[in-house]
There are 4 protein chains.
Amino acid sequence: MSPRNAERDLRVREERVQLILDAAITVISSKGFGAASISDIAKAAGISIGTMYHYFSSKDEIFADVLKRGQLDYGKRAAELADEQTMPPLVKLHEFAAGWLANPINWAYTIMLQSARTTETVPAEIRQAVTDRFTANLQPIARIMKDGQGRGDIIAGDPLQLAFYYVSLIQGLTLQRAPGFEIPVSIDADALIRFFEA
Amino acid sequence: MSPRNAERDLRVREERVQLILDAAITVISSKGFGAASISDIAKAAGISIGTMYHYFSSKDEIFADVLKRGQLDYGKRAAELADEQTMPPLVKLHEFAAGWLANPINWAYTIMLQSARTTETVPAEIRQAVTDRFTANLQPIARIMKDGQGRGDIIAGDPLQLAFYYVSLIQGLTLQRAPGFEIPVSIDADALIRFFEA
Amino acid sequence: MSPRNAERDLRVREERVQLILDAAITVISSKGFGAASISDIAKAAGISIGTMYHYFSSKDEIFADVLKRGQLDYGKRAAELADEQTMPPLVKLHEFAAGWLANPINWAYTIMLQSARTTETVPAEIRQAVTDRFTANLQPIARIMKDGQGRGDIIAGDPLQLAFYYVSLIQGLTLQRAPGFEIPVSIDADALIRFFEA
Amino acid sequence: MSPRNAERDLRVREERVQLILDAAITVISSKGFGAASISDIAKAAGISIGTMYHYFSSKDEIFADVLKRGQLDYGKRAAELADEQTMPPLVKLHEFAAGWLANPINWAYTIMLQSARTTETVPAEIRQAVTDRFTANLQPIARIMKDGQGRGDIIAGDPLQLAFYYVSLIQGLTLQRAPGFEIPVSIDADALIRFFEA
DNA sequence: GATGAATGAGTATTCATTCAT
DNA sequence: TATGAATGAATACTCATTCAT
């Protein structure tokens, strides 16, 4: 019946979705979360508005998926580092922080995370899902903290709480990086991990 | 006409302005920065839209003034603590963090600060002013850090950088507090200042 | 506090509402129910789109109110005739039918009535309200039927059922009147009431 | 290529067309005339949108053809009854009305007929064609009326006018039948033809 | 023929801002 | 000063139609 190649269609679809999500986070990070419009995103992705709605049913869905993908990528990176066998824990923490701080787009994820969790108009189930993913992503970091404590490299304290403060500090720093309006203080992973060194 | 009336008028005006700014931050913190409308704020302040425009010339001005007042209050509090003579530096840091974390509205200031600094559509001079106030507010905190280092209470390092990381950590933590969607980790000033203890 | 005249404001409001409802039924009757847009109605009413939304919260509400007003007017006219003491019942039926058929806009009410009752996307409570009003409006007509039967002027049968067929016939006839595309049969109240004469 | 294939192709095509028209009237009768979309109809017919456009050049054409087929079917049924030799005229009227009222979809044809004839945006030639078919369809009904008058079974009056009122009454009654929101009056062919009995 | 992704004009709705009273 | 009705530009979303595969 179908003269189409179903497999290829699926691959094209996946590429399109990624294209749109990339465009979305780019626009959000330059225009701000509230001011990012569907037509801005469509323009950035080089597709029409109609096509956007072919892949996403609403602006909210796009934003939710952008955030979800960001959280999943971030969780994957944390899990990879936690499972890695040869790198010392402090180096892992350094790598993770450096990777996050290197991308000037990441502050946008922090804002979106916060907006999704605190804005009353966001449906409760989405707020819960975002919170759950955030909490789940703390686990691998906590494992790294615990490993480091076992080796005597990392300061004492509940590993989960340490992970939480570590992530909060990274997010707090991310927010300070406005291009062109830098604060006269260096933001670097070296200084950051010093707070967690034993 | 009489000086006493002019004086009274000025006082009434100032009260109105504060009333509106209070309403604005309340609405922003509950509905989110992007969704806060002029009519929401007017309703929260118990005045009409027309009256709002007697005191502020635009929505952007209201937002800018909300943020400015927040930054000034915050700076004043930091300066008071820095100048205080009897309290040990670590206790000052504890007090400051506890005060900030206690108010569930403060995350909204963090979001506004960030939005103002990173959104391209915000005029450059406002972005600069916000950054300047942020930088200035680091100074009293840095002084406290330096005092603590002199007494051997606080860890080594550039006091300004320590202040910056301290503030970033507070802001990062503030963002995690979504009412009803708490993360199973306690957020408290005790745990926070431990990172700065010598 | 208010420098406005509350009473006058209310009167202006009521006038505006009527103006909009008038414009709406006019547009609906010329462009069709489905093609009548908010901007068409605003243009016909000589006001801006924003003003429309000042008085009505949605297009659906406008349509519902147009229909409601039509049904209430129609019910009022039926009740007045039923209560009238001197006119013979058959003359009342003639008057009512003639009045309805005289207004070339009335077919639009019939279409709206039908659309509201049969379209699945219309909320059930509105569908029920429309049906209830329709049913209620049958009562005065049924009373006229009964009076006529008592005098031997009107054919036998359940008065409510007679009323129902009478109204259905009027509505069916209304639908046939397309301006410019007339059917070569006269539509008049005389012919209509003959079916109900004893 | 072979005549037999061409013939088969034609039959397949005709079946497809009927399938689409059936799907269209089903969707229209459940979602309403204005809300019926091409993709709804394609889904209901179990074919793709692209395929729809192989058989019909536009949405308007589909609607026009749905209505045309409905009118032709209806006219055919009327002609068959008129030509039938053994059935008494009143029974014919009863049969015709009962057949029409039995199908809960028929109200949609009445709405479409009306919309096509009164909406200004519909091309004049289509409006004329619809009117002409409607008028033509009155002829066999008028013949039945005349036969009945000859036998003394049916009331006096211009047969064409009687036919017109008869059809209008059927259409008016059809409109009242909203599923789930019935009016407490029975709608039946028995009651209907009584109005035409001598 | 069959498919459904792509397009963009059109529509409902919101909201900052103005201004007559 | 205070009010809130009026405005219209901006924005999310829909859907008939086209066309490459």
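Protein chains get the first letters and strands the later ones, always in sequence-line order, with residue 1 at the start of each.
Taking CD1 of C/Ile28 as the start and CH2 of C/Trp107 as the end, the distance is 9.0 Å to the nearest 0.5 Å. Taking CZ of D/Arg127 as the reference point, atom CD of D/Glu120 lies at 6.5 Å (rounded to 0.5 Å).
A heavy-atom distance below 4.5 Å is not found between the side chains of C/Phe33 and D/Phe33. Annotation: side chain of D/Arg69 is in contact with side chain of D/Tyr109 (closest heavy-atom distance under 4.5 Å). Put simply, the side chain of B/Ile62 reaches to within 4.5 Å of the side chain of B/Ile38, judged on heavy atoms.
Shortest non-hydrogen contact noted between C/Leu19 and C/Ile47 is CD2-CG2, 4.4 Å. B/Met112 and B/Leu67 make their closest contact through O-CD2, 3.9 Å (heavy atoms, listed as atom of the first residue, atom of the second, distance). Residue C/Ile49 comes nearest to C/Ser39 through the heavy atom pair CD1-CB, 3.9 Å, listed as atom of the first residue, atom of the second, then distance.
Evaluation of the salt bridge (charged side-chain N to carboxylate O under 4.0 Å, His left out) test over residues 38-60 of chain A, restricted to residues two or more places apart or in two chains, returns A/Lys31-A/Asp40.
Note: CZ (C/Arg13) to C1' (F/dT3) measures 15 Å, nearest angstrom. Remark: C1' of E/dG1 and CD1 of D/Ile49 are 17 Å apart, rounded to the nearest angstrom. Rounded to an integer number of Å, the gap from A/Ile47 CD1 to E/dA5 C1' is 11 Å. Taking atom CG of residue C/Leu19 and atom C1' of nucleotide F/dA5, one finds them 14 Å apart after rounding to whole Å. Between A/Leu10 atom CG and E/dG4 atom C1' there is a gap of 14 Å when expressed in whole angstrom units.
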Per-residue pairing states of DNA chain F in dot-bracket (Watson-Crick or G-U under 3.5 Å; . unpaired, | other strand) read .||||||||||||||||||||
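The side chain of C/Arg16 places an N or O atom within less than 4.0 Å of a non-bridging phosphate oxygen (OP1 or OP2) of F/dA6.
Contact check of residues 50-65 of chain B against DNA chain F (heavy atom, cut-off under 4.0 Å) returns B/Gly50, B/Thr51, B/His54, B/Tyr55. Shown for residues 31-41 of chain A: no residue has heavy atoms falling under 4.0 angstrom of DNA chain E.
Residues satisfying the salt bridge (charged side-chain N to carboxylate O under 4.0 Å, His left out) test with B/Asp65, not counting sequence neighbours, are none. Every residue two or more places apart in sequence or in another chain that forms a side-chain contact (heavy atoms from CB on, under 4.5 Å) with D/Ile126 is listed here: D/Val122, D/Pro123, D/Val130.
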